[in-house]
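To start, the structure itself, in structure tokens.
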Amino acid sequence: MSLNMAMSMETQLQSIFEDVVKTEVIEEAFAGMFMDTPEDERTKLVSCLGAFRQYWSTLPQDSHDQCVQWIVRFIHGQHSPKRISFLYDCLAMAVETNLLPPRMVCEALISSDSLEWERTQLWALTFRLIRKIIGGVDYKGVRDLLKALLEKIQTIPNTVSSAVVQQLLAAREVVEYILDRNACLLPAYFAITEIRKLYPEGKLSHWLLGSLISDFVDSFRPTARINSICGRCSLLPVDLFEPQTGLLRYVLEQPYSRDMVCNMLGLNKQHKQRCPVLEDQLVDLVVYAMERSETEEQFDDGGTSQLLWQHLSSQLIFFVLFQFASFPHMVLSLHQKLAGRGLIKGRDHLMWVLLQFISGSIQKNALADFLPVMKLFDLLYPEKECIPVPDINKPQSTHAFAMTCIWIHLNRKAQNDNSKLQIPIPHSLKLHHEFLQQSLRNKSLPMTDYKIALLCNAYSTNSECFTLPMGVLVETIYGNGSMRITLPGTNCMASGSVTPLPMNLLDSLTVHAKMSLIHSIATRVIKLAHAKSSLALAPALVETYSRLLVYMEIESLGIKGFISQLLPNVFKSHAWGILHTLLEMFSYRMHHIQPHYRVQLLSHLHSLAAVPQTNQNQLHLVESTALRLITALGSSEVQPQFTRFLSDPKTVLSAESEELNRALILTLARATHVTDFFTGSDSIQGTWCKDILQTIMSFTPHNWASHTLSCFPAPLQAFFKQNNVPQESRFNLKKNVEEEYRKWKSMTNENDIITHFSMQGSPPLFLCLLWKMLLETDHINQIGFRVLERIGARALVAHVRTFADFLVYEFSTSAGGQQLNKCIEILNDMVWKYNIVTLDRLILCLAMRSHEGNEAQVCYFIIQLLLLKPNDFRNRVSDFVKENAPEHWLQSDWHTKHMTYHKKYPEKLYFEGLAEQVNPPLQLQSQYLPIYFGNVCLRFLPVFDIVIHRFLELLPVSKSLETLLDHLGGLYKFHDRPVTYLYNTLHYYEMHLRDRTNLKRKLVHAIMSSLKDNRTPGWCLSETYLKCGMNPREDNVWTPDDTYYCKLIGRLFSLTLTPMAGKSPGPFPNCDWRFNEFPNPAAHALHVTCVELMALAVPGKDVGNALLSVVLKSQPLVPRENITAWMNAIGLVITALPEPYWVVLHDRIVSVINSPALTSETEWVGYPFQLFDFTACHQSYSEMYCSYVLALAHAVWHHSSIGQLSLIPKFLSEVLKPIVKTEFQLLYVYHLVGPFLQRFQQERTRCMLEKLSLILSLSLCPLCLSPNFFMSLSWDALSSSGLLQLIEIKRGLSDSETVLQGILPAAQKPWIGVAFYEMLQTVDQHSKHLAYMDPICDFLYHVKYMFTGDSVKDQVEKIICTLRPAVKLRLRFITHSSKMEPAAAAAAAASAPQPANVSSPAPQSSTSSTNVPLSVAQ
């Protein structure tokens, strides 16, 4: 507006209002004695408004604000209360006659600079006017006015005269009116957000407001309770709004937890950031380890103290190395916490931990950073006399020397820096130092003690002194260069050193020394690869390298360098022998390799397979390693790893191997089943696995047998049914073989024969022809051998597949008797006598074929015959199992046993047997690649995994499977994941094994019994199960009692009290987790518990109910004070079991919903939100069954996968919705689902699209609501939950609906929330009185403003109009409905009890700007 226009407006307004308020001289002379009659007052008002109306109509729209602001300034410039009162009456009438918008007037009044609390009369008159007209302001305007009003009240000082308090209370009355739920000027959701912003936690509201604010906050607590998980603080992982140092420490205690710690604390390796909280917890763990050492007599017995110090060493190196923790700060903190404690038994172990970091980093950092260690030395080593030299034949001697080694490193650093801070050797360490000096002068260092380790540790930063001891280690494993030994096969020689460095010695080396050693090994391997040396690596070097790769603290030079540098370099050099060695290491020696490294290797292997190969041995190991990598993927690893390759899935798929791609599909089926990924879905459309499946089908088109397909999740079944691949009929296969065989017999030219049958593109039938030759002539001529050679390893794989199908046809049509025996004999000759095809490859092909019905049984019959009929394989298995142990890291003579086995059972991979049988015999000199660890038994193990699964799928071959397990189950002694395999098998085939309890028991018995001699008693199955459940009792099946289940859950629960560094003894024997199947005790405990429960000869439903009864029934073994922690353990276990085990919880919920406590309003008198508050009720011994079920449901659903949770909407809509009739039932349903809304929205919005039901809408949760947000309704919780986000959205977007509607899929919008309101409608119709309307409506606003927006407006509006007036009034902002007539609104307000000073909101007709139907953008 221009200056002239502003002056013109001011002039005109002044003339209008001054004419009204002007007085005669006599009135001024006798002020207070003259009074206008009501008629005169009315006349003045009408006259003033008439003039103003005429002027207002000429003003442009953008001048309205300025006009109202001038009027307010004019009024506030008056000093006569009479004039101010009159002018306020003018404003009120202007608003009531729809001349001025009430929001504009209220905002101008509150924002006036003249409105100060000191002007008490103006203050009172102003807020009385606002109180009078605010009912006509739209609810978002009321929200803004509330904010401004609270800020204005804040200007009142803490102490004022009591004489003015009454007038100041006018502002409080406005706030009270705004917050009055019966007046319903705005959603309480908005109001509490503004309150939270002005009064954060710990800040009391203004004294003028008294208890008004706290009472209002309390009224919101029921809604908070609806969205709270019962006993949340006992459910792991904890995620509260207070420091969770206990949780952090628990995770820090676990092996292989550093990535989890980084995720929890938001630490990024790329950004160096010190984390004091992490420092404190590491220091506390060290102090705890010191305390533990005081009570343990032995250190080198593999006890918890030794494991703890090993683990702490690894953790400290990682976190300090990446600068997440400060070394000097930690040392000083340790000194402070250990001072005066007298804890000295663990001092050597502590110095050993500190030495790890010092030796590796002192050269790159300032000396001052490490000097605080000497202060710690003074505290922990108070001796005045010299400490004696320990027995260096024991590994703990390296710890005893740790402090001396630290001093040597510090002194070396000071010398190099020419520092004046050189410290003389402490007197107590003189004997240690002299011993090291003397040992260094001895050039002949034996490997029989730990002297070499001591020298490496002490002088790793002194190259002159370090060369000698490290050189001895290197020479020990490299060999002296002249000695040679043979490896399995022909023409394969290796360097002569066969004894690896023992783990005790490697553990006794500092990280710095280990890094030097592994760097030396990797450099040598790369050098030999470049030189294409024909001499294989020494077995000692390979085994030692494998052992070094287990150390997480040297990951950059260890497994990361192995995958990212060593393998590519060796591959680039085409050093096939070394590559073969590295793949063997990966297959048989490595543990706990992170999944992204494994998938990266899988990609390397597929690219390697594409390189033209003539070496069958090499190609065989590539596929065998790839098979291990695929089948070993954890169920939770499959999706995150393969989604990394969605842009180019070809890199992780085989372009040629149908068996590898089939194995991947089986792994994918298992993973999606175990994780419930496809639960509630019928199609793979839009999922991460669609492109992977389509690419597989383009590479290797294939079908699946119906009995295998029936085990797949429904979407995978649908995919393969839609992508059915036509198969060649067995008749045509037989016909083609006969035709080719006629050609073989009729052709006479040797070259023509070889060319024809080995020609690329010719039918892959040659193995079928060899079968025919042996069947008819009992021999194969030399030409057959030449054809096999010419075909080559890559093409021969296709011949094996065809041969597998042909065998099934031949055995199916066999006449039996002698002919069948002849077929069996020929088949075994092809494997063991002629070495045409290896057993593991042939059986893998047979197991992966897609035969149906009788042919499938014949196929499995052939597999059984191959494995058991001749003694060849059974003898190999028996001898290997008897002579070897799986603990390779403890062995020094593996190579000797390995060679003994191969000499007894030589493996021939180049048709040597056939070459010897042809006439005349052929002399072969095949170049074998080095084999350090593998043999037919170990190669067969991943194939055996697949065979067992195929047999489980077909009921008629159950007995055959039991026979296989009896004879070959001992191989699982060498399985690297036996418990995981059992868990996956029992979980995936739960439906197939449900009624086959003997087979299930046999499977568990075979695998667990194979390990009994190599595991400590109690490592897996409980004593009760071993005694009662492992023995077959067909006539009297053992049914566990409640005590059994309590003890089983108690064993898992105790792990929360006895982690690796926890109280002793723990529920499971100690072990070296570096070589364990699982990374930590908790993962081990959960898997073995689930395996045992699934192995019971009891229906899953009964087991599930028994698990629930552990806490739902009074159990003497369950301590009351830990009840929620026990619920946490049950939630962990039951959600890790198949659906029949955990779905029984739904039955318990139904029984609660139908219980008299919720169905009968006269059954008891109580407050439902207290009833449903399990923690408070439990502590006061007033809990009821319904609160127990609620708490247990929360514990179970808290640990459920999103696939499991996706069944809940259907359960609630189809099962619970029809039975919910009362307000208590409705609130119970809200309490059940409310805390899990976020997970539905965040993890699978698709769930909501497929379910049109009440709780479907409930499952559409706020974008940022924390699951535990409403737990205690702390101010921080209110803020973090997203209540504030609604207000804080940029004003340009105006409201959260605008944002959210853009996020929601268009197809989803029409359905969200409809059934939810239908449920409320049912309760409304069946209840005479609704006592808890406010929490119900608050919750609905919560859903609307945090997620649904206006997407359900049309459907919900019809339902709201049918509700009782009081509810209708409260919900009017849900749809911004203008269809509620003024009379209806007034009646709604009147129907609810109201204070005498509360009036109904001003009616919102369609005649003024204040009454336009509210849109989303308002």
Side-chain angles (χ1 to χ4, degrees), residues 488-492 612-621 623 736-804 806-807 810 822-842 845 866 870 872 905-929 931 936:
T490 56
N491 299 325
C492 190
Q613 294 291 334
T614 57
N615 193 313
Q616 182 171 350
N617 186 312
Q618 175 68 41
L619 184 65
H620 192 265
L621 187 69
E623 292 195 356
N736 292 337
V737 170
E738 295 292 346
E739 184 176 338
E740 288 296 301
Y741 189 56
R742 282 195 295 271
K743 289 181 182 178
W744 169 268
K745 291 193 294 186
S746 63
M747 295 177 72
T748 56
N749 186 284
E750 180 176 330
N751 290 333
D752 290 345
I753 294 174
I754 294 175
T755 301
H756 173 79
F757 289 101
S758 63
M759 184 172 54
Q760 187 175 2
S762 60
L765 303 173
F766 194 67
L767 293 185
C768 305
L769 303 188
L770 295 181
W771 164 274
K772 295 281 291 182
M773 295 175 207
L774 290 172
L775 193 63
E776 292 187 5
T777 66
D778 207 28
H779 78 278
I780 300 172
N781 61 29
Q782 194 178 103
I783 299 176
F785 176 84
R786 298 298 183 195
V787 172
L788 280 177
E789 275 193 321
R790 182 76 65 85
I791 289 174
R794 182 185 303 281
L796 194 63
V797 176
H799 290 257
V800 176
R801 290 187 200 111
T802 310
F803 181 52
F806 181 71
L807 280 177
E810 286 286 282
K822 177 70 172 175
C823 290
I824 296 169
E825 183 182 345
I826 292 172
L827 183 57
N828 282 298
D829 284 347
M830 291 181 71
V831 174
W832 301 112
K833 180 179 179 181
Y834 298 114
N835 312 125
I836 293 173
V837 60
T838 59
L839 178 74
D840 51 313
R841 181 181 291 275
L842 178 57
C845 282
L866 276 168
D872 300 73
Y905 300 110
E907 294 199 23
K908 300 176 180 179
L909 305 174
Y910 294 92
F911 320 121
E912 287 95 336
L914 179 58
E916 293 170 3
Q917 298 295 324
V918 297
N919 190 16
L922 298 174
Q923 297 298 317
L924 300 180
Q925 290 297 320
S926 304
Q927 177 64 55
Y928 271 71
L929 299 178
I931 301 174
V936 67

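This is a predicted model, so every value here is computed, not measured. Because only heavy atoms are used, hydrogens play no part in the values below, and waters and symmetry mates are left out as well, while side chains stay in.
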**Request:** Starting from the C-alpha separation in whole Å, work towards a yes-or-no answer on side-chain contact (heavy atoms from CB on, under 4.5 Å) for T802 and V737.
**Result:** CA-CA 10 Å; T802 310; V737 170; 5.9 Å; no

**Message:** Would you say that V837 contacts L796 through its side chain, given a criterion of any heavy-atom pair below 4.5 Å between the two side chains?
**Reply:** no

**Prompt:** Is Q782 close to P920 at the side-chain level, that is, under 4.5 Å between some pair of heavy atoms?
**Reply:** yes

**Prompt:** Quick one: CG on L914 to CG on L922, what's the gap to the nearest 0.5 Å?
**Reply:** 8.0 Å

Table please: side-chain donor-acceptor pairs of residues 772-781 below 3.5 Å, with sequence neighbours left out.
residue, atom, partner, partner atom, Å
K772, NZ, E738, OE2, 2.9
E776, OE1, Y741, OH, 3.1
T777, OG1, M773, O, 2.6
T777, OG1, H779, N, 3.4
T777, OG1, H779, O, 3.0
H779, ND1, T777, O, 3.2
N781, OD1, I783, N, 3.1
N781, OD1, G784, N, 3.0

**Contact summary for I836 and F911, nearest pair of heavy atoms** = O-CE2, 3.4 Å

**Asked** Quick one: OG1 on T838 to CD on E907, what's the gap to the nearest 0.5 Å?
**Response** 8.5 Å

**Request:** Please step through side-chain contact (heavy atoms from CB on, under 4.5 Å) for the pair N835 and Y910, ending with a clear verdict.
**Result:** CA-CA 7 Å; N835 312 125; Y910 294 92; over 6 Å; no

**Prompt:** What are the two closest heavy atoms between H799 and L765, and how far apart are they?
**Reply:** ND1-N, 3.4 Å

**Fill in**
Note: V800 and C845 closest approach over all heavy atoms is CG1-SG, 3.6 Å

**Asked** Just one of D872, L839, I824 clears the side chain to side chain contact (heavy atoms under 4.5 Å, CB included) bar with L866, so which one?
**Response** L839

**Request:** Indicate the atoms forming the closest heavy-atom contact of L924 with A915, along with that distance.
**Result:** CD1-CB, 3.6 Å

**CZ-CG distance between F803 and L769, expressed to the nearest 0.5 angstrom** = 10.5 Å

**Message:** Looking at every heavy atom in both Y928 and K908, which two are closest together, and how far apart are they?
**Reply:** OH-CA, 3.2 Å

**Item:** Separation of Y834 OH from I826 CD1 (nearest 0.5 Å)
**Value:** 8.5 Å

**Residue pair L827, W771: steps toward the side-chain contact (heavy atoms from CB on, under 4.5 Å) verdict** = CA-CA 8 Å; L827 183 57; W771 164 274; 3.9 Å; yes

**Prompt:** Taking atom CD of E623 and atom CZ of R841, what is their separation to the nearest 0.5 Å?
**Reply:** 5.0 Å

**Prompt:** For the atom pair CD (Q927) and CG (L929), what is the distance rounded to the nearest 0.5 Å?
**Reply:** 7.0 Å

Please output the side-chain donor-acceptor pairs of residues 753-761 that fall under 3.5 Å, not counting sequence neighbours, one pair per line with the distance.
residue, atom, partner, partner atom, Å
T755, OG1, N751, O, 2.8
H756, NE2, E740, OE1, 3.3
S758, OG, I754, O, 2.4

**Message:** Between the side chains of E789 and R786, is the shortest nitrogen-to-carboxylate-oxygen separation below 4.0 Å, so that they form an ion pair?
**Reply:** yes

**Message:** Please check this pair: side chain of N491 against backbone of S926, looking for a donor-acceptor N/O pair closer than 3.5 Å.
**Reply:** yes

**Distance-minimising heavy-atom pair for W744 and V787** = CZ3-CG2, 4.5 Å

